[in-house]
*Asks:* 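Pasting a structure here, questions to come.
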Number of protein chains: 2
Amino acid sequence: MTLRADARRNVEGIRRAALDVFRTGGLTTPMDEVARAAGVSKGTIYHRFGGRRGLIDAVVDELVAERIRAIVDEVEALDGPLPRFEAYLRGIWLLQFDEPAANDVLMRALPDSKPLSILCDQACEFALGLLRDAQAAGAIRPDLTPEDLTHLILERGTIARACPHQSRSDYDRRLGFTLRGLRPL
Amino acid sequence: MTLRADARRNVEGIRRAALDVFRTGGLTTPMDEVARAAGVSKGTIYHRFGGRRGLIDAVVDELVAERIRAIVDEVEALDGPLPRFEAYLRGIWLLQFDEPAANDVLMRALPDSKPLSILCDQACEFALGLLRDAQAAGAIRPDLTPEDLTHLILERGTIARACPHQSRSDYDRRLGFTLRGLRPL
DNA sequence: TAGCTTCTTGACCATGGAGTCAAGTACTGC
DNA sequence: GCAGTACTTGACTCCATGGTCAAGAAGCTA
């Protein structure tokens, strides 16, 4: 069963508006704002997507999955466990700064939805591999646990969210301090 | 002009309740909750303290000033720029973990009030002195700026607030990573 | 204890956001 | 172009919070 023409138009409009609004304001932006941006009423969004959660599911892939895949690709092209490990972390951390929405996803900030959790788990998985390799090579301190790693990403997320006033270059420079602290003594 | 007996009783009760409630929930705890804890109505608090801000002013000293002073004293008793610097940071960071209210103060989370700002500024001042000494001794990387230092405290504050699930010992252990990243290369 | 003054109460207003639904609008097939 | 159904609307409810104030309760003084 296919949607009526106006409904199809609206679904697309809402998706595009959500993408736009979520990108700048994160996944918690009020639904009214999404509705306004899409030029429809809030009710239509609830009717079409069943609330915030469904809406997120509908845009999460375009929103962040490709960004994360890009980081992974970039890392795969590098040589050496330490550069790979550090490039990945830095990439994720910068993504968290650049895209509040991606950050929300990484932090499972919101109404957990299936595609969202899958994405997170894949990212974690990959990171753990990098950690293992870097530690095996003696390039990262051995007392850094997988939970620490998850935590490093989580905490960077809260920082990116809570301190939006810092410039990107300062943020980036400070990432260097943090990475430095993960090397062996 | 002196307060009536019941009023005096209430003021004390409210102060004690605020201390208690703020300690566990931070300076943003709903006023209704403070009122309930004190066994009075919300209106009484507004009448007696003029709102959250006044209430904070009334308890901030007992709440955190003495804790910060304790850290300063402890640091003063140490020898060597690096131990002093690191002990101070660690002390503040642990305080942020232990006392959400202290954290709120440090982060100027709330209705700025005079005593609160003064407290923050004093703490910053002191920290900057420690930083200067540690850098002069070559024990801390020279590219760490005073703003970085402020930021390190601020961001630890958001972390302590946002990730209350981590155990104190994990939190503490991870502080070690961060400190390690501040040493020279 | 009466009467005055201080104090407290809790119902009330405002804000801002989530989520719902009866009624009205617009598309589509015949 | 009409009927019938799909779709949209926006006003509504609900909840949590900050904050106010007229009316009633309580303490104090003579």
*Asks:* Is the shortest side-chain N/O distance from B:Thr44 to OP1 or OP2 of C:dT9 below 4.0 Å?
*Replies:* yes
*Asks:* Would you say A:Arg48 reaches D:dT8's phosphate, i.e. side-chain N/O to OP1/OP2 under 4.0 Å?
*Replies:* yes
*Asks:* Take atom CZ of A:Arg52 and atom C1' of C:dA18, then tell me their distance rounded to the nearest Å.
*Replies:* 9 Å
*Asks:* So, is B:Arg9 close to the D:dG27 phosphate, meaning a side-chain N or O under 4.0 Å from OP1 or OP2?
*Replies:* yes
*Asks:* Rounding to an integer number of Å, can you tell me how far A:Asp6 CG sits from D:dT5 P?
*Replies:* 17 Å
*Asks:* Between A:Trp93 and A:Leu128, is there shared hydrophobic-cluster membership here, with clusters defined by ILVMFWY side-chain heavy atoms closer than 4.5 Å?
*Replies:* yes
*Asks:* Please compare B:Asp32 and A:Asn10 by the position of their nearest nucleotide in DNA chain D and report the one closer to 5'.
*Replies:* A:Asn10
*Asks:* Taking only the side-chain nitrogens and oxygens of B:Tyr46, find out if one of them lies under 4.0 Å from OP1 or OP2 of D:dT20.
*Replies:* no
*Asks:* Before accepting this row, confirm whether a basic side-chain N of the pair A:Arg15/A:Glu12 lies closer than 4.0 Å to the acidic partner's carboxylate O.
*Replies:* yes
*Asks:* Using atom CZ of A:Arg4 as one end and atom C1' of D:dA3 as the other, report the distance to the nearest whole Å.
*Replies:* 14 Å
*Asks:* Check B:Arg67 with B:Asp61, please: is the shortest side-chain N to carboxylate O separation under 4.0 Å?
*Replies:* no
*Asks:* Return yes if the base of D:dG10 and the side-chain atoms of A:Lys42 contain a donor-acceptor N/O pair under 3.5 Å, otherwise no.
*Replies:* no
*Asks:* Once you round it to whole Å, what is the distance between P of D:dG18 and CD1 of B:Ile56?
*Replies:* 11 Å
*Asks:* Salt bridge check: are A:Glu147 and B:Arg174 linked by an N-O gap of less than 4.0 Å?
*Replies:* no
*Asks:* I need the CZ-C1' distance between B:Arg8 and C:dT6, as an integer number of Å.
*Replies:* 12 Å
*Asks:* Send over the distance from B:Arg53 CZ to D:dG18 P, rounded to a whole Å.
*Replies:* 16 Å
*Asks:* Would you mind checking if B:Asp6 and B:Arg9 are paired as a salt bridge, meaning a charged N to carboxylate O distance below 4.0 Å?
*Replies:* no
*Asks:* Could you give the CZ-to-P distance, from B:Phe49 to D:dG19, as a whole number of Å?
*Replies:* 15 Å
*Asks:* Where the side chain of B:Ser41 is defined as all heavy atoms beyond and including C-beta, which of C:dA18, D:dG27, C:dT9 is the nearest nucleotide?
*Replies:* C:dT9
*Asks:* Looking at C:dT28, D:dT17, D:dT8, which one has an atom nearest to any side-chain atom of B:Pro30?
*Replies:* D:dT17
*Asks:* In whole angstroms, how far is the P atom of D:dC21 from the CD1 atom of B:Ile45?
*Replies:* 18 Å
